[in-house]
Peer 1: 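Handing you a structure now.
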2 protein chains.
Amino acid sequence: MTLPPQATSPTAETTAPERVVKAIPEATVARLAVYLRVLGQLAEGGAETVSSEELAALSGVNSAKLRKDLSYIGTHGIRGVGYDVASLQHELEKVLGLDHPQAVALVGVGNLGHALAGYGGFGGRGFPVTALFDVDPELVGSPINGIEVRHVRDIPRVCPAAGVTIGMIATPAQAAQGVCDQLVAAGVHSILNFAPTVLQVPAEVEVRKVDLAVELQVLAFHVAGHRSADAGITDSGTAAPQVVHGRNGSAVATS
Amino acid sequence: MTLPPQATSPTAETTAPERVVKAIPEATVARLAVYLRVLGQLAEGGAETVSSEELAALSGVNSAKLRKDLSYIGTHGIRGVGYDVASLQHELEKVLGLDHPQAVALVGVGNLGHALAGYGGFGGRGFPVTALFDVDPELVGSPINGIEVRHVRDIPRVCPAAGVTIGMIATPAQAAQGVCDQLVAAGVHSILNFAPTVLQVPAEVEVRKVDLAVELQVLAFHVAGHRSADAGITDSGTAAPQVVHGRNGSAVATS
DNA sequence: GATTGTGAAGCCATTCACAGCC
DNA sequence: GGCTGTGAATGGCTTCACAATC
């Protein structure tokens, strides 16, 4: 259904190079994933269509932003009605590359790694964790969640063989850079880093980071700012409909 | 040491309202926390001063951005030399509100919650997890990491008593909104959400979210985009010195 | 009448480039 | 000579507001 994903630029694309896969802002991509999840919930609830206003409220953004976001993927909502839940879902899955799944490797099976390995299917259909690595002799060789833990030194062999495209690093900080280098050498160009360090990588590698300490410190900053303020915070600008939300930011944490 | 934190605005502050605690961009605050961590490592290594170029490289940003960031807090580096590591550390700690610690409550002590509770002191001096909550009768009453797990229904009583200012939610998605409402009612206005849902909160509450599924989907998007591209990605614009990094984004995940 | 899609305007953040200082 | 601090320029994202469409 629906047309091939157009560039949606107002001006005619005179020189279309193969495929137009760019032009979607970074920030938009992250929100598309959120919309997709909300659509899943709506679909479960039996909804067939949804308005931008409704979907936006459930996603914690305003409706103009949502419509602009969807315009990047060349969506076809129906004016006066809204969006078809099912087809928008499929559209988003296709854009995000979820139509064929990505094999994920997880390095570092400590407390956090364990939790991540167990996270399993994530929200909906997921990212299969295909390979686990650690250096602890107690862990190496034993299975977790049905997957055998390999030694980190096997990354160069195992990852390409398993077709791993995404790596998650949940090691202690000191080990993270070394592990990262090995993943990159093994052809893994997308990395999600949970270790509290900034990773140095070549330009073609995409790193996103999830940094607990930073998140807490940002919150602490705001706590500090609002101390002794009591009346104050009534200036939210425009009165929101009902549903509001603190702010933006999102795992924004990427380095 | 050092002067009181000035607003750093170019124009003279004619109407200074009590204290000038704003004017620092959201994105800058997150990076300040990163600089602080790197400074900690430098201090351990025995460094006394550091140049913006050096600190920036270690933090994965360019030096102009770093200097601009520091300018917001009215820093006093020494031209021709750099920054004093120790005093910059203290300056950053003060700005981020780390001089007196924030009590943190963690709700949801499953796999992930366990890992978070154990994370303990985080990078350096930390955010003491002061209270744990869950609904599982098996967990409630038993101690984890020396802290007794309480029932979620006790949030309204325990949190104010313990002076909790920051809440972390690591429950299943269905439970998250309810828990959030209770935290807010208990006066907790800064929340870090690990559950895969968008939380609806009043405007005075700051929510940051850490969303695994979103992070992975953003990475998947980029994997999809670079498929079949082989030569391509040489257009990084300016040639970076040596150290580079994928991109930005950071836990950007806030809703 | 309701709701989408999108130019245009506005805002925030990044980058540049250089004056000021050590 | 080296390095910081910062106005000015640029770029990206968000918001507004409304014409187009159902």
Side-chain angles (χ1 to χ4, degrees), chain A residues 2-3 6-11 22-32 35 49-57 59-84 87-88 91 236-240 245 247-250 252 254, chain B residues 3 6-11 22-32 35 49-57 59-84 87-88 91 236-241 245 247-250 252 254:
Chain A
T2 60
L3 306 179
Q6 299 182 308
T8 73
S9 58
T11 58
K22 192 63 171 92
I24 303 184
E26 196 67 20
T28 292
V29 175
R31 284 191 299 267
L32 293 180
Y35 305 151
T49 63
V50 63
S51 70
S52 65
E53 199 71 54
E54 203 179 339
L55 182 53
S59 305
V61 302
N62 78 36
S63 65
K65 181 147 56 180
L66 178 131
R67 289 198 301 277
K68 178 69 86 176
D69 283 343
L70 292 184
S71 81
Y72 288 114
I73 66 172
T75 323
H76 297 287
I78 305 162
R79 296 178 195 227
V81 179
Y83 300 90
D84 181 81
S87 60
L88 184 51
E91 197 72 33
S236 259
T238 56
H245 66 106
R247 209 144 261 262
N248 166 350
S250 169
V252 159
T254 311
Chain B
L3 307 178
Q6 299 182 308
T8 74
S9 58
T11 58
K22 193 64 172 95
I24 304 185
E26 196 67 22
T28 291
V29 174
R31 284 190 300 266
L32 293 180
Y35 305 151
T49 63
V50 64
S51 69
S52 65
E53 199 70 55
E54 204 179 339
L55 182 52
S59 304
V61 303
N62 78 36
S63 65
K65 180 147 56 181
L66 178 131
R67 289 198 301 277
K68 177 69 84 175
D69 284 343
L70 292 184
S71 81
Y72 288 114
I73 66 172
T75 323
H76 297 289
I78 305 163
R79 297 176 194 229
V81 179
Y83 301 89
D84 181 80
S87 59
L88 184 51
E91 197 71 33
S236 260
T238 56
H245 64 106
R247 209 145 261 262
N248 166 348
S250 171
V252 159
T254 311

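No hydrogens, no waters, no symmetry mates; every other heavy atom, side chains included, goes into these values. Proteins get letters first, then strands, A, B, ... in listed order; numbering begins at 1 in each.
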Peer 1: I need the NE2-C1' distance between A:His76 and C:dT4, as an integer number of Å.
Peer 2: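 Result: 12 Å.
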
Peer 1: Which nucleotide in the set D:dT4, D:dA8, C:dA13 lies at the smallest distance from any side-chain heavy atom of B:Pro25?
Peer 2: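 Nearest to the side-chain atoms of B:Pro25, counting from C-beta on, is C:dA13.
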
Peer 1: Mind calculating the distance between NZ (B:Lys68) and C1' (D:dT10) to the nearest angstrom?
Peer 2: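 Result: 13 Å.
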
Peer 1: Just the rounded figure in Å: distance from C1' of C:dC11 to CD of B:Glu26.
Peer 2: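 So the two atoms are 15 Å apart, to the nearest Å.
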
Peer 1: For B:Ser52, what residues pass the side chain to side chain contact (heavy atoms under 4.5 Å, CB included) criterion, not counting sequence neighbours?
Peer 2: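 Side chain to side chain contact (heavy atoms under 4.5 Å, CB included) list for B:Ser52, sorted by chain: B:Ser63, B:Leu66, B:Arg67, B:Tyr83.
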
Peer 1: Can you list every salt bridge (charged side-chain N to carboxylate O under 4.0 Å, His left out) pair that touches residues 69-82 of chain A, not counting sequence neighbours?
Peer 2: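 Non-adjacent pairs meeting salt bridge (charged side-chain N to carboxylate O under 4.0 Å, His left out): A:Arg31-A:Asp69.
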
Peer 1: For D:dT14, take OP1 and OP2 only and decide whether either is under 4.0 Å from a side-chain N or O of A:Arg31.
Peer 2: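 Answer yes for this pair, as a side-chain N or O of A:Arg31 is under 4.0 Å from OP1 or OP2.
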
Peer 1: If you compare all heavy atoms of B:Ser71 against all heavy atoms of B:Lys68, which two are closest, and at what distance to 0.1 Å?
Peer 2: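 Closest heavy-atom pair between B:Ser71 and B:Lys68: OG-O, 2.6 Å.
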
Peer 1: Could you state the CZ-P distance from B:Arg67 to C:dC18, rounded to the nearest angstrom?
Peer 2: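 B:Arg67 atom CZ is separated from C:dC18 atom P by 14 Å.
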
Peer 1: Starting at OH of B:Tyr35, measure out to CG of B:Leu88 and round the result to the nearest 0.5 Å.
Peer 2: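 Rounded to the nearest 0.5 Å, the OH-CG separation comes out at 10.5 Å.
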
Peer 1: On DNA chain D, nearest-nucleotide positions of A:Ala64 versus A:Ala27: which is more 5'?
Peer 2: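 Counting from the 5' end, the first nearest nucleotide belongs to A:Ala27.
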
Peer 1: Start with the C-alpha distance between A:Val50 and A:Asp84, add both sets of side-chain angles, then the distance that settles side chain to side chain contact (heavy atoms under 4.5 Å, CB included), and finish with yes or no.
Peer 2: CA-CA 7 Å; A:Val50 63; A:Asp84 181 81; over 6 Å; no

Peer 1: Is there a side-chain polar atom (N or O) of B:Tyr83 under 4.0 Å from OP1 or OP2 of D:dG5?
Peer 2: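 Yes.
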
Peer 1: Is the distance from OP1 or OP2 of C:dT4 to the nearest side-chain N or O of A:Ser52 less than 4.0 Å?
Peer 2: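 Indeed, a polar side-chain atom of A:Ser52 lies that close.
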
Peer 1: For the atom pair CD (B:Glu53) and CG (B:Asn62), what is the distance rounded to the nearest 0.5 Å?
Peer 2: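 Those atoms lie 8.5 Å apart.
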
Peer 1: Just compare C:dT15, C:dT6, D:dG5 and give me whichever is closest to any side-chain atom of B:Asn62.
Peer 2: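 Given the options C:dT15, C:dT6, D:dG5, the side chain of B:Asn62 is closest to C:dT15.
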
Peer 1: Mind calculating the distance between CG (B:Leu88) and P (D:dT4) to the nearest angstrom?
Peer 2: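 Checked: the CG to P distance equals 11 Å.
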
Peer 1: Between B:Leu70 (CG) and D:dC3 (C1'), how many Å, whole number?
Peer 2: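 So the two atoms are 13 Å apart, to the nearest Å.
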
Peer 1: Expressed in angstrom and rounded to an integer, what is the separation of A:Asp84 atom CG from C:dT4 atom C1'?
Peer 2: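 To the nearest whole Å, that distance equals 15 Å.
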
Peer 1: Which atom pairs link the protein and nucleotides 19-22 of chain D when you take only N or O atoms and keep those under 3.5 Å?
Peer 2:
residue: D:dA20; atom: N3; partner: A:Arg79; partner atom: NH1; Å: 2.6

Peer 1: Atom OH of B:Tyr72 to atom C1' of D:dG7: distance rounded to whole Å?
Peer 2: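 It works out to 12 Å between those atoms.
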
Peer 1: Look at the side-chain N and O atoms of A:Ser51 and state whether any lies under 4.0 Å from the OP1 or OP2 oxygen of C:dT3.
Peer 2: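 No, no such contact exists.
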
Peer 1: Under 4.0 Å: is that the gap between some side-chain N or O of A:Lys65 and OP1 or OP2 of D:dT15?
Peer 2: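 Indeed, a polar side-chain atom of A:Lys65 lies that close.
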
Peer 1: Kindly compute the distance separating OH (B:Tyr72) from CD1 (B:Ile24), expressed to the nearest 0.5 Å.
Peer 2: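 It comes to 9.5 Å.
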
